[in-house]
Amino acid sequence: VRHELAVSPERGPCAADFRLPGFCIVLSGEILMTSNGFLQIAVYVIVLLGLAKPLGGYMARIYRDKSIRPMRWVGSIESLIYRLGGVKPEQEMRWTEYAAALLVFNLLGLIAVYALQRFQSYLPLNPQHLAAVTPDSAFNTAVSFATNTNWQGYGGETTMSYLTQTLGLTVQNFASAATGMAVLVALIRGFIRRNQETIGNFWVDMTRSTLYILLPLSLLLALALVAQGVVQTFSPYQTVALAEAVSYEQPKLGADGQPVKNHEGKPVLEKIEVREQTLALGPAASQIAIKQLGTNGGGFFNVNSAHPFENPTPLSNFLEMLSILLIPAALCYTFGVMVGDTRQGWAILGAMTVIFVAMIFVTVSAEQQGNPVLASLGADQMPSHAPAGGNMEGKETRFGIVNSALWAVATTSASNGSVNAMHDSFTPIGGMIPMWLMQLGEVVYGGVGSGLYGMIVFALVAVFVAGLMIGRTPEYLGKKIEAFEMKMASVAILIPPLVVLGGAAIAVMVAAGKSSVFNPGAHGFSEVLYAFSSAGNNNGSAFAGLSANTPFYNFMLGLAMLFARYWLAVPVLAIAGSLAAKKIVPAGSGTLPTHTPLFVALLIGTVLMVGALTFIPALALGPIVEHLQMTK
Amino acid sequence: MDIVFILLSAGFFLLTGALVYVFEKLRSAS
């Protein structure tokens with residue numbers, strides 16, 4: 001399609017009318033991107049990687065129970081929590097006990113959020129007098145927030161009371177993030193312990209993750225967001241006069257609720273003039289901070305981070321985007337420190353970053369190229385000082401192409417469901433990349449804790465494949481990887497595709513699934529596939545074109561989220577228990593070094609091959625067909 | 001409907017608990 005997108009001679013790269021220096025177009029093969037775009041992406045990646053070491057080192061100290069002078073006062077709060085909860089912090093758990101504690105804690109959290117939604121009309125902090133959430137939606141939302149998915153079938157400002165948002169959803173944002181971190185730390189202990197039956201104490205890992213990492217970072221981010229204009233109040237919604245009245249026509253409805261028709265059988269229209277608008281408010285900043293840092297993503301408002309009260313400025317956008325990948329990236333360094341070889345952490349971080357950067361360039365380029373149908377009609381979609389160019393449908397003008405595409409890639413790399421642009425309006429290729437990133441298993445940085453433990457599972461598969469090739473027993477970090485670990489790794493890798501492809505197949509076969517699809521053909525299939533990819537990998541973002549707040553989708557996606565979360569965490573904990581009981585064997589001449597560029601390439605290849613072999617056939621029916629239809 | 005969804009959630013977690021038991025048996029046997 002290059003001919004349709006070629007820069008016209010009058011408006012060539014760095015032409016004179018491109019007065020803003022940032023709009024110098026770089027043409028390199030099929031990549032179409034402004035130098036401004038390159039710069040923004042580079043700054044983002046550099047700052048992200050630059051913070052990985054200090055934060056990763058700090059988290060390693062927390063999990064190794066080392067004292068941190070400025071945080072010593074938190075120790076008394078920690079001790080109080082243990083006393084109140086009857087927890088003996090020195091009491092270690094076997095992997096089965098650890099898993100049981102995790103499951104009980106998560107079930108109780110799920111039921112608490114469900115009950116809060118169902119009883120919110122009787123509870124305080126509901127100034128808008130919002131009704132109880134319907135049972136199927138409450139189930140879906142409770143599962144969604146307990147599993148760190150934050151898929152939202154509801155609109156926050158029209159559905160959830162302030163109490164439900166703060167005590168239910170925000171608390172679960174902390175708890176679910178800490179759960180992922182706890183599982184990761186347990187797995188890391190599996191590598192560093194020898195001949196032991198225990199992998200740590202779940203309650204201690206949860207408490208320390210929350211008190212020393214998630215809460216302080218959230219507090220800092222919430223203050224920064226408030227300074228940028230994000231709302232934080234318990235006041236009721238405000239009704240204000242519009243600066244300019246808006247008028248439009250709509251069909252007049254009769255007493256039966258049906259449109260009144262004239263003698264020609266056409267609907268009678270009535271003119272509506274709007275002079276006031278209700279502004280939804282609420283304690284948003286505190287929820288948004290942890291929604292990003294905990295890779296949750298559930299918006300306080302319906303349009304999530306596209307809403308000016310959630311994400312008002314380019315600076316707030318940058319801070320939120322940075323927060324999304326901050327902890328997952330830093331945990332790689334934590335992993336390296338804890339296993340006693342930081343090169344191991346850098347290798348995994350390197351593999352993640354290579355995939356991430358490649359995906360950014362494909363998405364930004366696809367969006368910057370614009371809509372090929374409009375291009376074929378002669379529409380000028382090149383960037384200049386006036387129009388942003390490219391595909392701006394569904395994007396906020398204050399963010400533009402690069403920050404919308406970068407956000408989409410960052411959130412779907414992490415298991416963060418927030419959006420600052422509507423993914424349904426992305427070009428087919430621009431929308432396919434976020435979908436594929438989720439389908440890769442949310443391991444490119446991934447969710448807090450869950451991303452890295454998912455990537456370590458892929459690393460086990462990579463060393464196993466390498467072991468098969470050279471005819472030696474595979475080892476990773478001094479632990480022999482044997483049949484049990486591979487069985488557990490296989491379960492962890494196969495559950496999400498089973499849930500995603502199985503769920504999408506059922507949805508497009510039954511009437512209850514098809515009735516929610518308003519876009520016929522390939523795009524409608526993409527919407528369904530995206531929904532199950534999101535729920536089946538605990539991401540939470542949506543294409544948004546699908547009408548998903550129905551009993552069928554609330555139930556199906558709820559089940560998908562449950563399986564994707566807990567049927568991965570359990571085999572990972574089983575691996576941790578198995579590894580902890582093994583001895584550590586010294587590296588020999590037949591040991592594959594796992595800190596080298598060769599291993600990084602092997603790991604990237606494993607992730608991409610598994611993702612491609614599993615999902616390309618389904619993608620071919622959705623975004624790939626749609627792309628070919630648009631460019632024929 | 002409330003009881004259905006609560007039982008469904010509890011049932012899923014019980015099933016996952018059973019999975020823990022099965023995996024531990026597998027590990028012990030390996």
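Note that the structure is a prediction, hence the values are computed from the model and not measured. Quick note on labels: first sequence line is chain A, next is B, and so on, each numbered from 1.
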Contact origin within Ile6(B) toward chain A - heavy atom pairs under 4.5 Å: side chain
Residue part contacting chain B, namely of Phe555(A), when any heavy atom lies under 4.5 Å: side chain
Which atoms of Ala581(A) approach chain B - backbone, side chain, both or neither, heavy atom under 4.5 Å: side chain
Engaged part of Ala483(A) at the chain B interface, taking heavy atoms whose separation is under 4.5 Å: neither
Polar side chain donor-acceptor pair, Asn126(A) to Ser121(A), under 3.5 angstrom: no
Heavy-atom contact with chain B under 4.5 Å, split by part of Leu562(A): both
Option in Ala100(A), Ala142(A), Ala138(A), Ser578(A) with maximal non-hydrogen atom pairs under 4.5 Å from chain B: Ser578(A)
Aromatic ring proximity, centroids under 6.0 angstrom, Phe23(B) and Phe484(A): no
Parallel, tilted or perpendicular, as decided by the 30° and 60° cut-offs, for the rings of Tyr114(A) and Phe5(B): tilted
Contact class of Ser30(B) relative to chain A, heavy atoms under 4.5 angstrom: side chain
Parallel, tilted or perpendicular, as decided by the 30° and 60° cut-offs, for the rings of Phe119(A) and Tyr122(A): tilted
Aromatic plane relationship, Tyr553(A) with Phe532(A) - under 30° parallel, 30 to 60° tilted, over 60° perpendicular: tilted
Pair Tyr476(A) + Phe191(A): ring centers closer than 6.0 Å: yes
Choice from Val570(A), Leu103(A), Val143(A), Leu110(A) maximising heavy atom contacts with chain B below 4.5 Å: Leu103(A)
Aromatic plane relationship, Phe145(A) with Tyr154(A) - under 30° parallel, 30 to 60° tilted, over 60° perpendicular: tilted
Under 4.5 Å from a heavy atom of chain B, the part of Tyr566(A) involved: both
